[in-house]
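Shown next, in structure tokens, is the structure this report addresses.
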Amino acid sequence: MPTILIVDDEQHIRLLIEQTLEELEDDGVEILTADNGAEALEIIKEARPELVFLDVMMPKMNGFDVCNTVKNDLGMKSIYIILLTAKGQEFDKEKGRECGSDLYITKPFSPKELRNKAKEILGLQ
Amino acid sequence: MKESTSAKMERGKGVIKLRYCGMFQSKLFLQYFTTLIAVIAIFVVVMYILNVPFIEHKVFDLEKSSSKTILDNVYEIVKSFDHNLESYRESVLAARKEELKSIVAVVESYIKNVGEDVEKGVLTRKEAEKRILGRLRKFSYRNKDYVFVADYSSRLLSHPNPDLNGKDVSALLDEDGKPVLPPMVEIARAYGDGYYSYKWKRFRTDEHSVEKLTYARNFPEWKWVIATGLYVDDVDKEVEKRKHAAIEELRRLFRSIKVAKTGYITIWDSNYNLIIHPNANIEGKNVRDLSDPVTGKPIFAELTAVADTPNGLYYKWDKPSEPGNYVYDKVSWVRYYKPFGWYINTTIYVEELKRESVLLRDRIFMAGALGLLILILPGYVFIKKLVSPIRELSETALRVKGGDLEAKTDIKLDNELGILADAFNGMVERLRDNIHSLDSKVNERTEELQEAYNKLKDLDEMKSSFLSNVSHELRTPLTSVLGFAEIIKESFEDIVLPHVNVESIKVERAISRISENAGIIISEGERLTTLINDVLDITKMEAGKMVWKCEPINIKDLLNHAARATSSLFRGKDPVRLIIETEENLPGTVGDYDRIIQVMINLISNAVKFTPEGSITLKAGAEVGFLFISVIDTGIGIPSGERDKVFEKFKQLGNTLTDKPKGTGLGLPICKEIVEHHGGRIWVESAQGKGSTFCFSLPIAGTNVNNPVESDSNV
């Protein structure tokens, strides 16, 4: 059963993405959430999600560090990580490539497009 | 640190090497030294040229006159020799005259003795006369000289010549028609005795008559005149004998006289008999026919011709060492000694006359050359002393020029050079002090500037992170607003609406309002997003923090891309058409493709906003190194007073014209920043009510990016 993890310190954003992806649960997708990087890492290690929406600007451990740990330190290359951030400055894109993220979506985003992307990645269409 | 020390040592070595590698590598020294040598050499040469020919000439003249003096001396010797002979002749003649006198005196005393016998009566007068005259007739002395006696009537009482003895010769005349005896008798009778000369033939010879000097004495007792004579040529012969001996003497003397080195004395007489000549082979010979082998003329005739002239005779002759080689110049001076009929000549080789002057010339030359050589050393020392401080000063100056401000000259001189060196040291010191104080001031200011820069940098970073944070902080709630508005709209329209039974107008209106209002929330949210993006963009551009790409851009691709990207804006605006007009084979440009597209999209969306109907034309062309891209609309246009303001930030025209157009007020300023960054220009032309044309230029790239694209497309 495919699992999606949503990581954002903003409760409303988590809620928005959850609601956006709600209809995927009909296809048996499990949706998990985390409000900080450390918790996200724990969940990733345990649940091994197929797709992670990862906010960049978070207290304690930011998205780049989490992504880097997952992709490079833990070697979990198969996990698809989409970074979410405010409109990217150049160094953001650079850091996104360095830490090994798969996609980069800027806020604000269209919920419909986000849903379509998730379906595409999980092969649900 | 190590390296710099070794470099310094290298340079130091170089200086030392320069200083001790010899004065001859100093240009100044060489210039001075060569000038000095040249001046001395010119002086020597000038002195030589001015003096040597003059001295040569003088010495030659001196030699010439000394040769002539020798000739004069020889002449004087000959003259005094002549005088000696003359006085000898006179003394001989006087002696002979005395002899005549004493012989007559002896004869007189004999006659007196015999006369005493007559008085005594021992003899008769007749016997006595016979005895006396008989004996006298036989008496002879010297060279057949004799005594004769005549009476007062000029009858010869006694004469050795029998033809004359006893004859009256009062009428006898000599060769010259001069009476012989009567004047003699007259002189003896008048003065007691006396001399008389006449021409007489020597007794018992066939010789011509010669001059005879006769002494006559009166013997009045018997009225006799006793006389005896001498032949003058006997005296002359004696003198001649004496002369020959003297000539031998002269020969010996003149042979020992050397004129110059090999010159000699020659004497010949009017008949060209060589009397004295150093060559014994021709001495005494007649040289009348001896000719000059060069000219063929008789040489002694020529020499005789120049006698007593001051110039002498110049001719070519051989040398004893090279007989027959008649190439050497000779000069002869000749003097004529008339009493002897002698031509006295000195002859000399001209080169010998010049020998002294040549010696003198060589000596002057040697003295000049030696002087030059001797002057080189003091000249070297003097110029070295002059140049050394200048050289040291220039080396120090070079070191200062090279940046060594510790360089200093050690020149201590009590002259202008010393002052120069002192002043130079002072200048360098002041320069050093000034540079040090300048350095410390610069360092101070640099530190202050660095501080200010650091502060500004901090501020700038604060600004950047502030903008970044603001952007993030604004986006996050905006994401929620937009996202939830879309979800609400979606779920309302897709899920709620199908289940609502629209019966009352109120409900129907509320439903349509919900849908509409959600749309407004979304569009305003999107506008807010654009605003945030634009603010971020322009801030980055103005701060120079934008990272620009540099890639070749094809203009047709650009226009088509812009048309596609803005196609959604034309949806539902059927009266507005988009037209693309481009020239064929347009050159490309280089720049940030995404940013240029941003300009195009901004301009097109602006045009769409202000064009209710008609067309929007995208036009591209190339001219004088630039590409010109225009967005032409047939919209409402811009009032002339507003045109300049459209590129200023937050100067939005929409609000004052109509409610409909809405934007951030940053679109055109961003366009301006982008175009100007690419080296182009952006401007607007507009006529109110007819439309606006926004035009911008981009420099043509060196490479022509050509891609055939359809030139016209309608949307």
Side-chain angles (χ1 to χ4, degrees), chain A residues 4 6-26 31 33 35-37 53-59 62-64 82-98 104-119, chain B residues 461 463-495 518-519 521-541 543-549 568 592 594-595 598 664:
Chain A
I4 296 173
I6 300 159
V7 189
D8 201 310
D9 58 325
E10 289 280 341
Q11 193 199 343
H12 291 149
I13 301 295
R14 282 203 308 273
L15 201 60
L16 176 64
I17 300 171
E18 251 188 292
Q19 283 188 20
T20 303
L21 302 177
E22 219 167 30
E23 65 174 77
L24 295 183
E25 284 175 338
D26 299 345
I31 296 171
T33 60
D35 65 358
N36 64 67
F53 288 96
L54 185 59
D55 185 32
V56 172
M57 296 274 272
M58 284 186 299
N62 70 31
F64 294 127
I82 297 175
L83 289 176
L84 295 173
T85 186
K87 192 200 171 184
Q89 289 173 331
E90 297 301 323
F91 61 85
D92 286 344
K93 286 186 185 176
E94 201 54 44
K95 281 188 177 174
R97 263 197 294 280
E98 278 172 19
Y104 185 85
I105 290 177
T106 55
K107 292 179 188 173
F109 50 82
S110 159
K112 213 185 269 175
E113 280 171 27
L114 197 81
R115 189 162 56 225
N116 291 340
K117 202 81 205 170
K119 279 181 178 174
Chain B
E461 267 165 23
K463 183 186 154 195
S464 291
S465 71
F466 172 74
L467 278 171
S468 182
N469 286 341
V470 164
S471 159
H472 182 261
E473 294 307 321
L474 286 175
R475 268 164 217 276
T476 306
L478 205 54
T479 308
S480 300
V481 171
L482 265 170
F484 282 115
E486 264 184 54
I487 287 174
I488 287 167
K489 196 166 181 263
E490 195 186 49
S491 42
F492 178 75
E493 284 169 1
D494 295 354
I495 301 164
I521 292 171
I522 291 166
S523 73
E524 287 298 305
E526 280 169 349
R527 206 177 125 209
L528 202 55
T529 308
T530 312
L531 177 64
I532 292 164
N533 287 345
D534 283 356
V535 166
L536 211 60
D537 275 351
I538 198 138
T539 313
K540 271 157 78 180
M541 280 175 199
K545 290 217 164 173
M546 182 66 88
V547 178
W548 299 89
K549 281 180 280 183
S568 62
D592 192 328
D594 291 340
R595 295 295 163 192
Q598 195 180 349
T664 60

| request: Could you walk me through whether E98(A) and K95(A) pass the salt bridge (charged side-chain N to carboxylate O under 4.0 Å, His left out) test, one step at a time? | output: CA-CA 5 Å; E98(A) 278 172 19; K95(A) 281 188 177 174; over 6 Å; no
| query | Under a 4.5 Å heavy-atom cutoff, which of T476(B), V481(B), L474(B) has the most pairs with chain A? | reply |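 The option with the most such pairs is T476(B).
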| With a 4.5 angstrom heavy-atom cut-off, which part of L15(A) approaches chain B: side chain, backbone, both or neither? |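 Both the backbone and the side chain of L15(A) come within 4.5 Å of chain B.
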| Option from D537(B), N533(B), T539(B), I532(B) for which side chain to side chain contact (heavy atoms under 4.5 Å, CB included) with V535(B) holds |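 Exactly one pass, corresponding to T539(B).
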| request: Can you tell which part of S480(B) gets under 4.5 Å to a heavy atom of chain A, answering side chain, backbone, both or neither? | output: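 Both backbone and side chain.
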| message | Report which part of E526(B) has an atom under 4.5 Å of a heavy atom belonging to chain A: side chain, backbone, both, or neither. | response |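 Contact with chain A is absent: no heavy atom of E526(B) under 4.5 Å.
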Identify the two heavy atoms, one from [X] and one from [Y], that lie closest to each other, and give their separation to 0.1 Å.
X: V56(A); Y: F64(A); answer: CG1-CE1, 3.5 Å
X: G483(B); Y: L16(A); answer: C-CD1, 3.4 Å
X: L478(B); Y: G525(B); answer: CD2-O, 3.9 Å

| message | Before you tell me yes or no, could you show the steps for E22(A) and R115(A) under salt bridge (charged side-chain N to carboxylate O under 4.0 Å, His left out), namely the whole-Å CA-CA distance, both residues' side-chain angles and the distance that decides it to 0.1 Å? | response | CA-CA 9 Å; E22(A) 219 167 30; R115(A) 189 162 56 225; over 6 Å; no
| task | Using heavy atoms and a sub-4.5 Å threshold, report which of residues 6-14 of chain A line up against chain B, by residue number. | result |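 Checking residues 6-14 of chain A against chain B gives E10(A), H12(A), I13(A).
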| query | What do the steps show when you test D592(B) against Q598(B) for side chain to side chain donor-acceptor pair (under 3.5 Å), and what is the final call? | reply | CA-CA 10 Å; D592(B) 192 328; Q598(B) 195 180 349; over 6 Å; no
| query | Under 3.5 Å, is there a donor-acceptor pair between the side chain of R475(B) and the main chain of P108(A)? | reply |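 Not a single qualifying donor-acceptor pair exists.
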